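It should be emphasised that the depicted structure is a prediction, and the values quoted were computed from it without experimental measurement.
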Amino acid sequence: MVIRIHFTADDFARVRFAPRPAPLQELNVALMKMCLPDEELLFGHWRRRLLRSLPAAVGPLRDVVPAGVAPLFLDVFSDSLREGLDTVRASPPALVRAELERVHIHHPAPAPSWIRGLHRGDTDAWQLLRRAQRAAFDTALRPVWPQIQDLHRTEFTRHALTAAEHGIAGALAELAPTSQLRDNVWEFASPADRDIALAGRGLVLVPTFHWTGHPLLSDLPDRPLHLTYPAGTGLPLTPAGADGTDDALAAVLGRTRLDILHRLADEHTTSGLARGLGVSNATASAHTAALRGAGLITTVRAGRAVLHRRTALGSLLVQRDGRMRG
């Protein structure tokens with residue numbers, strides 16, 4: 001079984017490498033790897049630890065991806081989490097309805113009521129999905145995101161050097177070692193036969209560090225073809241400090257406050273932080289007050305909500321912590 005991607009001359013000029021990692025696509029791949037029973041020796045411990053740590057707020061993702069089949073409107077390649085979540089929400093209603101019907105049509109259980117609400121476009125259903133995706137990212141990827149960013153920069157540089165020395169054909173061949181490019185057709189092994197004509201749309205190459213299988217394709221109308229390929233070490237990424245080694249910054253700030261700093265790369269409300277951390281609103285408020293007093297976060301009021309976000313100093317501490325522990 002092979003996938004054949006047909007290039008035009010314009011398409012070769014439109015091959016791009018994603019400049020930064022895509023939070024939601026990396027999340028999709030990580031959750032897919034978590035649900036597969038393969039490579040138990042290497043990924044079994046990581047898989048069980050992640051499954052135990054996922055909060056209840058992630059539960060709706062099981063409904064939107066029944067039997068491991070995901071709707072295409074979740075294929076989002078924005079390089080910021082907030083933009084990615086907004087892009088999912090802005091999906092064309094016709095695409096959302098068609099994809100929900102596609103992934104549920106062969107599922108034996110009836111779709112939950114909130115999925116039917118998502119099919120109708122209900123605001124509450126969309127908010128439930130957004131909270132689930134954010135909670136999954138905060139748990140599965142936030143602790144290793146500095147590692148992913150460093151790995152992506154390294155892979156970006158490697159690809160650029162290969163393309164400069166061997167041309168785009170050589171660079172493509174390296175992404176999938178069993179592939180071959182001949183007569184403007186790039187072929188590589190896949191679970192199913194498929195032919196894709198780029199027809200001037202171009203190709204975006206997206207490395208992932210949670211996947212070890214065949215390249216994954218996202219082929220949506222009026223968009224470049226996105227190809228996600230495994231670029232990691234073949235081992236799961238481990239959160240810094242998960243092996244029990246001493247963590248200097250956590251020893252100073254406290255583990256919960258350090259966790260809050262990691263989460264506040266994007267704005268969170270006090271109640272959102274409390275839900276994600278599994279603590280009371282009062283406890284979350286006390287921690288954010290301490291971090292604000294140290295100049296590590298800012299707090300603004302938006303209507304009845306209180307929004308927190310990292311300051312430049314807070315981000316610098318988190319980045320330095322990730323490098324020291326990586």
Are [Y] and [X] connected into the same hydrophobic cluster when the rule is that any two of I, L, V, M, F, W, Y join if their side-chain heavy atoms are below 4.5 Å apart?
X      : Y      : result
Val15  : Leu217 : yes
Trp46  : Leu27  : yes
Leu74  : Leu216 : no
Phe137 : Val29  : no
Val58  : Met32  : no

Separation between [atom1] of [X] and [atom2] of [Y], rounded to the nearest 0.5 Å:
X      : Y      : atom1 : atom2 : value
Arg16  : His159 : CZ    : NE2   : 11.0 Å
Ser218 : Asn28  : OG    : CG    : 9.5 Å
Thr298 : Leu313 : OG1   : CG    : 12.0 Å
Phe12  : Ile168 : CZ    : CD1   : 8.5 Å
Asp86  : Leu81  : CG    : CG    : 9.5 Å
Phe188 : Leu172 : CZ    : CG    : 10.0 Å

Is [X] reaching over with its side chain to a backbone N or O of [Y], donor-acceptor style, under 3.5 angstrom?
X      : Y      : result
Glu187 : Ile5   : no
Asp79  : Ala22  : no
Asp122 : Trp114 : no
Asp11  : Gly202 : yes
Arg263 : Leu273 : no
Asp138 : Ala135 : no
His152 : Ala18  : yes
Arg102 : Ala70  : yes
Arg142 : His262 : yes
Ser285 : Asn281 : no

What closest approach, in Å, do [X] and [Y] show between heavy atoms, and which atom pair accounts for it?
X      : Y      : answer
His214 : Ala189 : CB-O, 4.0 Å
Leu128 : Pro60  : CG-CG, 3.8 Å
Ser190 : Met1   : O-CB, 2.8 Å
Ala125 : Gly117 : CB-C, 3.8 Å
Leu42  : Gly234 : CD1-O, 3.7 Å
Pro230 : Gly213 : CG-O, 3.2 Å

Decide yes or no for [X] and [Y]: does some side-chain heavy atom of the first lie under 4.5 Å from some side-chain heavy atom of the second?
X      : Y      : answer
Gln25  : Thr228 : yes
Leu307 : Thr299 : no
Thr283 : Thr256 : no
Val206 : Leu227 : no
Val64  : Leu100 : yes
Arg97  : Arg120 : no
Leu31  : Met34  : yes
Arg255 : Asp259 : no

Candidate pair Gln133 and Leu85, rule side chain to side chain contact (heavy atoms under 4.5 Å, CB included), full reasoning: CA-CA 8 Å; Gln133 288 181 294; Leu85 294 171; 3.6 Å; yes
Phe77/Leu24 under side chain to side chain contact (heavy atoms under 4.5 Å, CB included): CA gap, chis, key distance, verdict: CA-CA 7 Å; Phe77 296 88; Leu24 286 187; over 6 Å; no
Working for salt bridge (Lys or Arg N to Asp or Glu O under 4.0 Å), residues Asp150 and Arg153: CA-CA 5 Å; Asp150 287 345; Arg153 282 191 289 268; 2.2 Å; yes
Worked check of side chain to side chain contact (heavy atoms under 4.5 Å, CB included) between Phe17 and Glu155: CA-CA 10 Å; Phe17 193 98; Glu155 179 66 9; 3.7 Å; yes
Chi angles and distances behind the salt bridge (Lys or Arg N to Asp or Glu O under 4.0 Å) call for Asp38, Arg47: CA-CA 10 Å; Asp38 64 343; Arg47 186 175 289 120; 3.4 Å; yes
Pair Glu101-His119, side chain to side chain donor-acceptor pair (under 3.5 Å): steps then yes or no: CA-CA 8 Å; Glu101 291 166 9; His119 189 273; 2.7 Å; yes
Worked check of salt bridge (Lys or Arg N to Asp or Glu O under 4.0 Å) between Asp10 and Arg201: CA-CA 8 Å; Asp10 285 344; Arg201 292 182 296 154; over 6 Å; no
Residue Arg62 excluded, over 12 heavy atoms near CZ under 6.0 Å: no
Arg4 CZ: over 12 foreign heavy atoms closer than 6.0 Å: yes
Proximity of Phe43 and His210 rings by center, below 6.0 Å: no
Close aromatic pair by centroid cut-off 6.0 Å: Trp211 and Tyr229: no
Test: Arg310 and Asp266 ion pair at under 4.0 Å: no
Check: [X]/[Y] side-chain N/O donor and acceptor closer than 3.5 Å:
X      : Y      : result
Thr270 : His308 : yes
His6   : Asp195 : yes
His287 : Arg257 : yes
Thr269 : Ser271 : yes
Thr212 : Glu39  : yes

Side chain to side chain contact (heavy atoms under 4.5 Å, CB included) between Ile148 and Trp145, intermediate numbers included: CA-CA 5 Å; Ile148 291 172; Trp145 197 245; 3.6 Å; yes
Check against salt bridge (Lys or Arg N to Asp or Glu O under 4.0 Å), Asp219 and Arg194: CA-CA 12 Å; Asp219 186 16; Arg194 189 175 176 189; 3.4 Å; yes
